[in-house]
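Quick note: residue numbers are just sequence positions, from 1.
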Amino acid sequence: MSWVAGIVVLALIEYLVFGFMVGHARTKYGVAAPAVTGNAHFERYFRVQQNTLEQLVVFIPAIWLYGMYVSSPWAAAIGAVFIIGRVLYAIGYVAAPEKRSAGFGLSYVAQIVLVVGALYGVVRPLLGR
(Lines give C-alpha, C1' and ligand atoms only; values in the text may rest on other atoms or scores of the structure.)
Protein backbone atom coordinates (compact mmCIF):
# COMPACT_ATOMS: atom_id res chain seq x y z
CA MET A 1 0.00 0.00 0.00
CA SER A 2 3.02 2.30 0.09
CA TRP A 3 2.71 2.94 -3.65
CA VAL A 4 -0.97 3.80 -3.20
CA ALA A 5 -0.09 6.19 -0.38
CA GLY A 6 2.57 7.77 -2.58
CA ILE A 7 0.10 8.30 -5.41
CA VAL A 8 -2.42 9.85 -3.02
CA VAL A 9 0.29 12.21 -1.74
CA LEU A 10 1.18 13.14 -5.34
CA ALA A 11 -2.49 13.83 -6.10
CA LEU A 12 -2.68 16.09 -3.05
CA ILE A 13 0.51 17.89 -4.07
CA GLU A 14 -0.96 18.35 -7.54
CA TYR A 15 -4.05 19.90 -5.95
CA LEU A 16 -1.87 22.25 -3.89
CA VAL A 17 0.00 23.29 -7.05
CA PHE A 18 -3.33 24.03 -8.73
CA GLY A 19 -4.23 26.17 -5.70
CA PHE A 20 -0.96 28.06 -6.02
CA MET A 21 -1.72 28.62 -9.70
CA VAL A 22 -5.11 30.10 -8.75
CA GLY A 23 -3.42 32.48 -6.33
CA HIS A 24 -0.94 33.54 -8.98
CA ALA A 25 -3.73 34.01 -11.54
CA ARG A 26 -5.73 36.02 -9.01
CA THR A 27 -2.83 38.48 -8.75
CA LYS A 28 -1.97 38.42 -12.47
CA TYR A 29 -5.54 39.10 -13.61
CA GLY A 30 -6.55 41.43 -10.75
CA VAL A 31 -9.33 39.32 -9.27
CA ALA A 32 -9.48 40.33 -5.60
CA ALA A 33 -10.68 37.81 -3.03
CA PRO A 34 -13.37 36.70 -2.38
CA ALA A 35 -14.42 37.13 -6.04
CA VAL A 36 -14.18 34.06 -8.25
CA THR A 37 -15.36 35.72 -11.46
CA GLY A 38 -14.41 38.77 -13.43
CA ASN A 39 -11.68 37.51 -15.72
CA ALA A 40 -12.06 34.53 -18.03
CA HIS A 41 -8.42 33.48 -17.73
CA PHE A 42 -8.57 33.53 -13.93
CA GLU A 43 -11.82 31.59 -14.00
CA ARG A 44 -10.14 28.78 -15.97
CA TYR A 45 -7.49 28.34 -13.29
CA PHE A 46 -10.15 28.46 -10.62
CA ARG A 47 -12.27 25.82 -12.38
CA VAL A 48 -9.25 23.51 -12.74
CA GLN A 49 -8.71 23.68 -8.98
CA GLN A 50 -12.38 23.29 -8.09
CA ASN A 51 -12.98 20.44 -10.52
CA THR A 52 -9.91 18.64 -9.20
CA LEU A 53 -11.23 18.99 -5.66
CA GLU A 54 -14.54 17.51 -6.80
CA GLN A 55 -12.69 14.59 -8.40
CA LEU A 56 -10.52 13.94 -5.31
CA VAL A 57 -13.65 13.21 -3.29
CA VAL A 58 -14.16 10.09 -5.41
CA PHE A 59 -10.54 9.32 -6.27
CA ILE A 60 -9.04 9.05 -2.77
CA PRO A 61 -11.47 6.53 -1.25
CA ALA A 62 -11.63 4.61 -4.54
CA ILE A 63 -7.87 4.17 -4.82
CA TRP A 64 -7.59 3.05 -1.19
CA LEU A 65 -10.40 0.52 -1.51
CA TYR A 66 -9.07 -0.80 -4.82
CA GLY A 67 -5.62 -1.10 -3.28
CA MET A 68 -6.91 -2.96 -0.22
CA TYR A 69 -9.37 -5.31 -1.92
CA VAL A 70 -8.01 -5.82 -5.44
CA SER A 71 -4.37 -4.91 -6.07
CA SER A 72 -2.13 -2.28 -4.56
CA PRO A 73 0.26 -2.08 -7.55
CA TRP A 74 -2.63 -1.78 -10.00
CA ALA A 75 -4.30 0.85 -7.83
CA ALA A 76 -1.10 2.89 -7.88
CA ALA A 77 -0.76 2.53 -11.66
CA ILE A 78 -4.36 3.58 -12.27
CA GLY A 79 -3.88 6.42 -9.80
CA ALA A 80 -0.89 7.61 -11.81
CA VAL A 81 -3.14 7.71 -14.88
CA PHE A 82 -5.57 9.88 -12.89
CA ILE A 83 -2.78 12.32 -11.99
CA ILE A 84 -1.57 12.52 -15.59
CA GLY A 85 -5.16 13.09 -16.70
CA ARG A 86 -5.52 15.99 -14.27
CA VAL A 87 -2.33 17.58 -15.61
CA LEU A 88 -3.60 17.26 -19.19
CA TYR A 89 -6.97 18.63 -18.06
CA ALA A 90 -5.31 21.66 -16.46
CA ILE A 91 -3.11 22.37 -19.49
CA GLY A 92 -6.04 22.04 -21.87
CA TYR A 93 -8.53 24.02 -19.80
CA VAL A 94 -6.16 26.92 -19.19
CA ALA A 95 -5.29 27.08 -22.90
CA ALA A 96 -8.93 26.89 -24.02
CA PRO A 97 -11.87 25.25 -22.20
CA GLU A 98 -12.77 23.10 -25.20
CA LYS A 99 -9.31 21.46 -24.96
CA ARG A 100 -9.98 19.94 -21.53
CA SER A 101 -11.82 16.85 -22.77
CA ALA A 102 -8.89 14.43 -23.19
CA GLY A 103 -7.52 15.11 -19.72
CA PHE A 104 -10.96 14.96 -18.15
CA GLY A 105 -11.72 11.70 -19.95
CA LEU A 106 -8.46 10.08 -18.87
CA SER A 107 -8.89 11.00 -15.21
CA TYR A 108 -12.59 10.10 -15.25
CA VAL A 109 -11.98 6.66 -16.77
CA ALA A 110 -9.30 6.03 -14.13
CA GLN A 111 -11.84 6.85 -11.43
CA ILE A 112 -14.48 4.58 -12.95
CA VAL A 113 -12.00 1.69 -13.07
CA LEU A 114 -11.05 2.31 -9.43
CA VAL A 115 -14.66 2.56 -8.23
CA VAL A 116 -15.91 -0.47 -10.18
CA GLY A 117 -12.85 -2.48 -9.18
CA ALA A 118 -13.26 -1.49 -5.53
CA LEU A 119 -16.91 -2.50 -5.64
CA TYR A 120 -15.95 -5.86 -7.13
CA GLY A 121 -13.21 -6.34 -4.53
CA VAL A 122 -15.54 -5.54 -1.65
CA VAL A 123 -18.54 -7.55 -2.88
CA ARG A 124 -16.62 -10.64 -4.05
CA PRO A 125 -15.81 -11.97 -0.55
CA LEU A 126 -19.37 -11.24 0.57
CA LEU A 127 -20.62 -13.58 -2.15
CA GLY A 128 -18.26 -16.32 -1.00
CA ARG A 129 -15.95 -16.18 -4.01
* Asked: Does anything in residues 15-34 pair up under ring pair (Phe, Tyr, Trp, His ring centres under 6.0 Å), and if so which pairs, sequence neighbours excluded?
  -> Y29-H41

* Asked: Are V31 and F46 in one and the same hydrophobic cluster, where Ile, Leu, Val, Met, Phe, Trp and Tyr link if side-chain heavy atoms are under 4.5 Å apart?
  -> yes

* I91: side chain to side chain contact (heavy atoms under 4.5 Å, CB included) partners, not counting sequence neighbours -> V87

* Asked: How many angstroms lie between atom NZ of K99 and atom CG of L88, to the nearest 0.5 angstrom?
  -> 13.0 Å

* Asked: Say you draw a straight line from OG1 of T52 to OH of Y93; how long is it, rounded to the nearest 0.5 Å?
  -> 11.0 Å

* Same apolar cluster: L119 and L127, side chain cutoff 4.5 Å -> yes

* **Heavy-atom closest pair, residues L56 and A11** => CD2-CB, 4.1 Å

* Look at the side-chain heavy atoms of Ile, Leu, Val, Met, Phe, Trp and Tyr, link any pair under 4.5 Å apart, and say whether I63 and V122 land in one connected group. => yes

* CZ of F82 to CD of Q111: how many Å apart, nearest 0.5 Å? -> 5.0 Å

* To do: Determine the minimum heavy-atom distance between I7 and I83, stating which atoms define it.
  => O-CD1, 3.5 Å

* Mind checking what makes side chain to side chain contact (heavy atoms under 4.5 Å, CB included) contact with V17, not counting sequence neighbours? -> I13, M21

* Side-chain contact, heavy-atom cut-off 4.5 Å: V22 with F42? -> yes

* Cluster overlap V94 with F104, hydrophobic side-chain contacts below 4.5 Å -> yes

* Could you list the residues that satisfy side chain to side chain contact (heavy atoms under 4.5 Å, CB included) with V116, not counting sequence neighbours? => I112

* Starting at CD1 of I84, measure out to CZ of R86 and round the result to the nearest 0.5 Å. => 13.0 Å

Mind listing the side-chain donor-acceptor pairs of residues 67-78 below 3.5 Å, one per line with the distance, residues two or more places apart or on another chain?
unit_1	atom_1	unit_2	atom_2	d
S71	OG	W74	N	3.2
S72	OG	M1	N	3.3

* **In one Ile/Leu/Val/Met/Phe/Trp/Tyr side-chain cluster, 4.5 Å: L53, V48** => no

* Structure fact -> Taken to the nearest 0.5 Å, the spacing of Q55 CD from I60 CD1 works out to 11.5 Å

* Asked: L114 versus L65: any side-chain heavy-atom pair under 4.5 Å?
  -> no

* Any donor and acceptor pair, going by atom type alone, linking the side chain of R124 with main-chain N or O of G121 inside 3.5 Å? -> no

* Does some side-chain heavy atom of V113 sit less than 4.5 Å from a side-chain heavy atom of Y108? -> no

* With R47, which residues qualify under salt bridge (Lys or Arg N to Asp or Glu O under 4.0 Å), at least two apart? -> E54

* Asked: Do you know which two heavy atoms are closest between E43 and V36, and how far apart they sit?
  -> CG-O, 3.6 Å

* Asked: Looking at P34 and R26, what are the two nearest heavy atoms and their distance?
  -> C-NH1, 4.4 Å

